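To start, the structure itself, in structure tokens.
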Amino acid sequence: MASQEIQIAPSILSADFSRLAAHAKQVIEGGAALLHVDVMDGHFVPNITIGPPVVASLRKAVDVPLDCHLMIEDPDKFIPAFADAGADWISVHQEACVHLNRTLHLIKSLGLKAGVVINPATPIGTLTEVLDIVDYVLVMSVNPGFGGQKFIPASLEKIKKLSAIKATIRTQFMIEVDGGVAMETVADVVRAGAEVLVCGNAIFGSGDAKLNTERLLKAGREANLVRV
Ligand code: DX5
Ligand code: ZN
């Protein structure tokens, strides 16, 4: 299997919001290729986080792509506002979109990378009809809503399945994984086929955020070299 480039996407959900720009800069210095922005509405998931104004502030502070993970109901209503604020990638949940094809085309029509996300209980098969539209698929390896949760091991099988499908179709999409990705799990997710690794607690939870990013990137790259 051809190896792909490993990218670390620190989730700012676990950062100190009063020092967001400083934290963002630290992880970029550590090699983060993009920043993962978790948007929660208190309806689709049992938590409320941030909206377009924070994305706009981050956009002024850093140059890397902003990967906005919308854990919200009726995302079509808010996608243009996130695009205006400076989002580069926008992902929506399969479970939250009645007209998923339309929503993904809306994201693409704004010139952004479009991603679809599936919860741990949602099978890969629900994505068959959109794999030729999306730029990336985000496999949730925890139930969305909170940072710092335990990685769900069954996610590895889903990533492997997706990776196998990817090898058989003409269009290409990236595989992103989100939830409980840390030094203990990074090699497994990469060997399964993930290439964009969202890490929150493992980067901002303890220690130095720059150093943590460097270590995760190194471990991810090493695992990528031995992928079969
Ligand atoms: C969960 C979020 C994740 C989360 C990741 O709903 O989508 O991005 O912040 O955090 P960790 O890496 O701590 O599981
Ligand atoms: Zn996320």
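As a basis for the values below, the full set of heavy atoms in this structure was taken, side chains included, without hydrogen atoms, waters or symmetry mates. Order of appearance sets the numbers: ligands from 1, and atoms from 1 within every ligand. The structure displayed is predicted, hence computed values, not measured ones.
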| said: When you measure from the heavy atoms of G179 to every atom of ligand 1, does any distance fall below 4.0 Å? | reply: yes
So which protein heavy atom does [atom] come closest to, and at what separation?
{"atom": "atom 5 (C) of ligand 1", "answer": "D178 OD1, 3.4 Å"}
{"atom": "atom 10 (O) of ligand 1", "answer": "G147 CA, 3.7 Å"}
{"atom": "atom 6 (O) of ligand 1", "answer": "G145 N, 2.8 Å"}
{"atom": "atom 1 (C) of ligand 1", "answer": "F146 O, 3.5 Å"}

Need the atom name: nearest N/O/S atom of [X] to the Zn ion (ligand 2).
{"X": "D38", "value": "OD1"}
{"X": "D178", "value": "OD2"}
{"X": "H69", "value": "ND1"}

N/O of [X] under 3.5 Å from N/O of ligand 1, yes or no?
{"X": "S14", "result": "no"}
{"X": "G180", "result": "yes"}
{"X": "G200", "result": "yes"}

Flag the pair [X] / [Y] as yes when at least one side-chain heavy-atom distance between them is below 4.5 Å, and no otherwise.
{"X": "M40", "Y": "L13", "result": "yes"}
{"X": "I165", "Y": "T128", "result": "no"}
{"X": "S163", "Y": "I175", "result": "yes"}
{"X": "L217", "Y": "R221", "result": "yes"}

State the atoms of ligand 1, each with its element, that fall below the 4.0 Å cut-off from a heavy-atom position in [X].
{"X": "N201", "result": "11 (P), 12 (O), 13 (O)"}
{"X": "V198", "result": "8 (O)"}
{"X": "M40", "result": "6 (O)"}
{"X": "M71", "result": "6 (O), 7 (O)"}
{"X": "H69", "result": "7 (O)"}
{"X": "L13", "result": "9 (O)"}
{"X": "M140", "result": "7 (O)"}
{"X": "H36", "result": "8 (O)"}

| query | Which is closest to atom 13 (O) of ligand 1 in terms of heavy atoms, P144, G148, S11? | reply | G148
| task | Could you tell me whether the side chain of H36 and the main chain of A9 form a donor-acceptor pair under 3.5 Å? | result | no
| Under 4.0 Å from ligand 1, counting heavy atoms only, is it the side chain of D38, its backbone, both or neither? | side chain
| Nearest-0.5 Å distance that lies between atom CZ in F82 and atom CG in L66 | 11.0 Å
| Atom pair OG1 (T213) and CZ (F204), whose distance is rounded to the nearest 0.5 Å | 6.5 Å
| message | Between the side chains of D208 and R215, is the shortest nitrogen-to-carboxylate-oxygen separation below 4.0 Å, so that they form an ion pair? | response | no
| message | I'd like to know if K218 pairs up with E214 as an ion pair, taking the criterion as any Lys NZ or Arg NE/NH1/NH2 lying under 4.0 Å from an Asp or Glu carboxylate oxygen. | response | no
| Considering residues, nucleotides and ligands other than K161, do more than 12 of their heavy atoms fall under 6.0 Å from its NZ? | no
| message | Other residues, nucleotides and ligands only: do more than 12 of their heavy atoms fall within 6.0 Å of CZ on R59? | response | yes
| field | Given D178, V37, V198, the one that forms side chain to side chain contact (heavy atoms under 4.5 Å, CB included) with H69 | value | D178
| request: Go through the steps to decide whether T103 and D76 satisfy the test side chain to side chain donor-acceptor pair (under 3.5 Å), and finish with yes or no. | output: CA-CA 6 Å; T103 304; D76 296 38; 2.8 Å; yes
